[in-house]
S.K.: 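Please see the structure below; I have some questions.
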Amino acid sequence: MSKIENKKKEVKKTKEINEVDILNDLLLYEKNMSNSYSTALNEMSNKVLFREVFTLFKESKGLGRDIFDFMFKSGWYSLETASEEKINKAYLDAKKEYGEL
């Protein structure tokens, strides 16, 4: 497996909150908000309200993605490529657990 990463933008580590801390908090907030919107959408019967909340849900997902992209470009998140073997194993495990996919 190889890592996919960008050059890390260094941020001073102090007792005070820094840029990485703020963005991590914002990302967590957006994840929680979109999860809450998703739950609300599943329970909603009013079509007008559904459309309004669905718009908020999409905006929240977009903001979360923008935050992640910024953090990835700044080198504060990295990804790992998965081998074909690992992908096949995950597929077979899911197939075993959930039946034919």
Side-chain angles (χ1 to χ4, degrees):
M1 285 196 284
S2 63
K3 260 191 165 179
I4 302 168
E5 58 190 337
N6 292 300
K7 185 174 187 254
K8 194 172 197 172
K9 178 183 170 191
E10 293 302 320
V11 175
K12 266 189 171 180
K13 293 189 180 194
T14 65
K15 291 182 180 181
E16 281 110 34
I17 192 166
N18 62 32
E19 187 177 4
V20 178
D21 297 329
I22 292 168
L23 289 168
N24 272 321
D25 283 349
L26 284 171
L27 184 56
L28 182 60
Y29 173 81
E30 288 303 332
K31 287 179 179 180
N32 288 331
M33 285 301 298
S34 67
N35 287 338
S36 295
Y37 286 138
S38 181
T39 300
L41 290 167
N42 289 333
E43 303 296 327
M44 217 164 273
S45 61
N46 183 295
K47 288 181 183 182
V48 174
L49 186 57
F50 178 90
R51 282 192 297 269
E52 291 295 320
V53 174
F54 190 63
T55 298
L56 295 171
F57 170 79
K58 290 188 291 186
E59 289 174 3
S60 181
K61 282 293 185 192
L63 287 170
R65 183 62 197 199
D66 291 344
I67 294 165
F68 173 82
D69 286 343
F70 180 81
M71 294 183 79
F72 179 72
K73 288 175 186 169
S74 297
W76 300 324
Y77 274 107
S78 62
L79 304 171
E80 288 185 11
T81 58
S83 66
E84 188 173 339
E85 180 183 315
K86 190 172 183 178
I87 293 169
N88 286 333
K89 182 183 179 326
Y91 173 77
L92 292 173
D93 289 348
K95 192 173 178 181
K96 185 192 302 183
E97 186 170 342
Y98 300 109
E100 287 299 314
L101 298 175

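As the structure is a prediction and not an experimental result, all values here were calculated from the model. Along the sequence shown, the residues carry numbers beginning at 1.
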S.K.: Linking directly or through intermediates, with side-chain heavy atoms under 4.5 Å: list the remaining ILVMFWY members grouped with Tyr37, chain and number order.
M.R.: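 Members alongside Tyr37: Tyr29, Met33, Leu41, Met44, Leu49, Phe50, Val53, Phe54, Leu56, Phe57.
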S.K.: Does any part of the side chain of Ile67, heavy atoms only, come nearer than 4.5 Å to the side chain of Met71, both counted from C-beta?
M.R.: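 Side chain of Met71 against side chain of Ile67, heavy atoms only: contact under 4.5 Å found.
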S.K.: First locate atom OG of Ser38, then atom NZ of Lys61, and finally report the distance between them rounded to the nearest 0.5 Å.
M.R.: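 It comes to 7.5 Å.
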S.K.: In Å, rounded to the nearest 0.5 Å, how long is the span from NZ of Lys13 to CG of Asp21?
M.R.: 9.0 Å
S.K.: Compare all side-chain heavy atoms of Phe68 with those of Glu30 and state whether any distance is below 4.5 angstrom.
M.R.: no
S.K.: If hydrophobic clusters are built from ILVMFWY residues whose side chains come within less than 4.5 Å, do Leu28 and Trp76 share one?
M.R.: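 No, because Leu28 and Trp76 fall into different hydrophobic clusters, even though each may have its own neighbours under 4.5 Å.
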S.K.: Calculate, to the nearest 0.5 Å, the distance between atoms CG and CG belonging to Asn32 and Leu27 respectively.
M.R.: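 Taking CG in Asn32 and CG in Leu27, the distance rounds to 9.5 Å.
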S.K.: Are Val20 and Ile22 linked, directly or through intermediate hydrophobic residues, by side-chain heavy-atom contacts shorter than 4.5 Å (ILVMFWY only)?
M.R.: yes
S.K.: Tyr77 pairs by side chain to side chain contact (heavy atoms under 4.5 Å, CB included) with which of Asp69, Asn24, Leu23, Ile4?
M.R.: Asn24
S.K.: Do you know which two heavy atoms are closest between Gly75 and Lys8, and how far apart they sit?
M.R.: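 Result for this residue pair: O-CG, 3.6 Å.
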